[in-house]
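Just below is one structure, and these are the notes that go with it.
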Amino acid sequence: MSGSLMYTTVTPGEEVLRQQAERRTLLEIERRRLMAERSAERKRRDSVRKSDRVRRTDEQAAGRQGRNGPAAAGRSAAEEVRAAERRMGEIEAELRPLRARLGPDCLAGIDQDLALLRKRLRRAEAGERMTADLERVGARARQLAEAAEHGLGRGAEPQGRHARRAEGGEPPPDRAASVYLALGDAEQRLADLAPRAAECAPDGHRSCAGLLDQLRAALQEGRPTRTQALLGAVTQRLTYLTGIVFEAEQAREQEAARRAVQAERAAAEEERRRHEALREAADRLGTVQRGVRDALKTAAEFEAEALADELRLALRRADDALDARRVEEGLAAVAELEKLLPRTEARLDELALARDLRNGLAKALRSAMADEGFQYLGGQQSGRGALHAFQQPGGQLYSVTIGSRPDGTAYLAYTVEGLPVFGAPPEDAPDAVLHRIHKSLDRSGYTPGELRRETA
């Protein structure tokens, strides 16, 4: 009989089942209380986040108003307009000697461009484009001044076919020089507009180019009346084309500014959304972290490695995603952890019920063994069960393992060591002893099943 292993399952009686049902109800109530506390904490954190979001929105709006509000925008626009007006005055000063010498026809194109620029200034349209347009007009004014110093326009060469010298070799009079200067300025004016006009007003660009060709031809043919008429026509047409280009550029800039504002707002909104989502995920993780720690501690007590590993893995996924600012992954990981925690707690409660059943069975077993005269030598608890040792008076050592199957069913496993007492009566044999002990357990509310034997 030495080394013999016997085992049996144990079915709890009605009273034990009733006690377990009461215990299960209390555990469920405790789980619901914990879930309610987490829900309340999550709502509290949601409320705090919303209040913080409203406060930050108000602060950001106030900051934008301070930086970009009417007063700040007005100061910036006024400074740009004043700078443009100063530059326009400088151009006018450069043109005065030419105006006195050559008359208004030579400067008609520049005058009309300046008139358009003044109109834009009255609408407070200042900025980089206004500065560039003023610089182009200023460059034309300087070209006119330089050409006037040599008595030539951009459309004439010193020895070219447009010099139109008189028979005695004298240079043309100031009136003719004025026409050549006006032609040169018109060509420069069209050249400045060409890249933009070819895009937004190609027909107007071709029309102006054609008029300039006709004006050159009239100059070559020496037809002053037609020359003067064409000069007026090309000046007016260029002014009209300039207005079209200005309006098209203004519309394009306004659209670009609108899209830039939209893109900036969209980027800011996306960043705000990411920040809020990360904070929400962090808050939700903070809500369940204490429960996760408690569950891991309880799982360690029950040596439930699989439950603990699953919980730790879910927690690590959430932590890693939030640390890396992966918003969607973080939210999904936290949501999975929120679902996993109650399931783990419910499973741990079942393990606790199984432990309670084993403890009750151990108490009944010690009482039954004492009634048979056995001496209790001590026991050792583990998360999965307990090992108890009993010494038969003058006889064998009984080691009893009380454990639980995965479904919670309790079992008893006996190992009998040592030799029986010589001449001991049959009722002291292990089978007979265990038969009486099982009857005693049955009276205590724990019904052992059939005793099975394995040889060690």
Side-chain angles (χ1 to χ4, degrees), residues 12 19-49 277-363 379-388 401-411:
Q19 293 174 358
Q20 280 213 308
E22 291 179 354
R23 174 67 171 153
R24 180 176 284 106
T25 299
L26 292 176
L27 291 173
E28 290 176 354
I29 292 174
E30 178 64 13
R31 285 204 310 274
R32 286 196 295 268
R33 185 188 68 79
L34 291 174
M35 293 176 64
E37 284 185 356
R38 292 172 195 147
S39 178
E41 176 63 13
R42 179 172 172 177
K43 289 179 180 179
R44 185 191 68 79
R45 295 191 181 205
D46 287 344
S47 177
V48 171
R49 282 200 315 276
L278 284 171
R279 185 176 174 188
E280 176 191 350
D283 282 349
R284 288 166 58 183
L285 180 60
T287 301
V288 299
Q289 273 182 327
R290 179 178 177 181
V292 171
R293 289 195 300 267
D294 292 344
L296 288 172
K297 182 179 179 180
T298 304
E301 294 174 359
F302 289 131
E303 299 179 6
E305 291 87 356
L307 287 177
D309 289 344
E310 185 180 14
L311 203 56
R312 274 192 292 265
L313 179 60
L315 179 60
R316 187 180 305 115
R317 280 198 296 261
D319 282 335
D320 291 347
L322 293 183
D323 288 343
R325 298 182 64 82
R326 296 191 296 268
V327 178
E328 301 302 329
E329 183 180 342
L331 285 171
V334 171
E336 178 59 29
L337 185 61
E338 289 172 332
K339 294 177 182 177
L340 178 61
L341 178 58
R343 295 201 303 266
T344 303
E345 290 173 333
R347 180 68 185 120
L348 291 173
D349 285 349
E350 291 300 319
L351 293 179
L353 288 171
R355 180 188 60 190
D356 292 346
L357 180 61
R358 293 195 304 270
N359 289 341
L361 178 58
K363 182 178 179 181
Q380 183 179 358
Q381 294 280 347
S382 70
R384 297 174 179 271
L387 177 64
H388 300 273
T401 298
I402 303 177
S404 299
R405 289 181 173 178
D407 63 357
T409 302
Y411 66 87

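Just so you know, these numbers use all the heavy atoms, side chains as well, and skip hydrogens, waters and symmetry mates.
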Going from CG on Leu341 to CE on Met35, what distance comes out if it is rounded to the nearest 0.5 angstrom? 9.0 Å
Quick one: are Val292 and Lys297 in side-chain contact, heavy atoms under 4.5 Å? no
Rounded distance (nearest 0.5 Å) linking atom CG of Asp320 with atom CZ of Arg316: 7.5 Å
Are the side chains of Leu315 and Val288 in touch, meaning some heavy atoms are under 4.5 Å apart? no
Here the gap from Leu313 atom CG to Asp309 atom CG, rounded to the nearest 0.5 Å, amounts to 8.5 Å
Just wondering, do Asp294 and Leu34 contact through their side chains at under 4.5 Å, heavy atoms? no
Return the OG1 to CG distance between Thr298 and Leu351, rounded to the nearest 0.5 Å. 10.0 Å
Begin with the C-alpha distance, continue with both residues' side-chain angles, and end with the deciding distance and a verdict on salt bridge (charged side-chain N to carboxylate O under 4.0 Å, His left out) for Arg347 and Glu350. CA-CA 5 Å; Arg347 180 68 185 120; Glu350 291 300 319; 5.6 Å; no
For Arg405, look at atom CZ and say whether over 12 heavy atoms of other residues, nucleotides or ligands are found less than 6.0 Å away. no
So how far is it from Asp319 CG to Arg312 CZ, rounded to the nearest 0.5 Å? 13.5 Å
Could you check whether any side-chain heavy atom of Lys363 comes within less than 4.5 Å of a side-chain heavy atom of Asn359, counting everything from C-beta outward? no
Decide, yes or no, whether a salt bridge links Asp283 with Arg42 under the criterion of side-chain N to carboxylate O below 4.0 Å. no
Could you tell me whether Asp46 and Lys43 make a salt bridge, using a distance below 4.0 angstrom between a side-chain N and a carboxylate O? no
Under 4.0 Å between a side-chain nitrogen and a carboxylate oxygen: does that hold for Arg44 and Glu41? yes
Are the side chains of Arg24 and Asp349 in touch, meaning some heavy atoms are under 4.5 Å apart? no
If every non-hydrogen atom of Gly286 is compared with every non-hydrogen atom of Arg45, which pair is closest and at what distance? CA-NH1, 3.8 Å
Between Arg358 and Ser404, is any pair of side-chain heavy atoms under 4.5 Å apart? yes
Quick check for you: to the nearest 0.5 Å, what is the distance between Thr287 atom OG1 and Glu338 atom CD? 7.5 Å
Closest non-hydrogen contact found for Ser382 with Glu303 is CB-OE2, 3.7 Å
Note, Arg343 side chain near Leu311 side chain (heavy atom, < 4.5 Å): no
All heavy atoms of Ala410 vs all of Leu357, minimum pair found to be CB-CD2, 3.9 Å
Decide yes or no for Arg355 and Phe302: does some side-chain heavy atom of the first lie under 4.5 Å from some side-chain heavy atom of the second? yes
Does Glu22, at its CD atom, have more than 12 non-hydrogen atoms belonging to other residues, nucleotides or ligands within less than 6.0 Å? yes
Could you report the tightest heavy-atom contact between Leu348 and Ala295, atom names first, then the distance? CD1-O, 3.5 Å
With no hydrogens and no angle check, is any side-chain donor or acceptor of Gln20 less than 3.5 Å from a backbone partner on Leu353? yes
Only one of Arg38, Arg32, Arg31 passes salt bridge (charged side-chain N to carboxylate O under 4.0 Å, His left out) with Glu345; say which it is. Arg38
Does the distance from a Lys or Arg side-chain N to an Asp or Glu carboxylate O, for Glu336 and Lys339, drop under 4.0 Å? no
Can you name the closest pair of heavy atoms from Ala308 and Ala299 and give their distance? CB-CB, 4.0 Å
Locate the shortest heavy-atom distance separating Ala281 from Leu322; write the atom from each residue and the value. CB-CD2, 3.5 Å
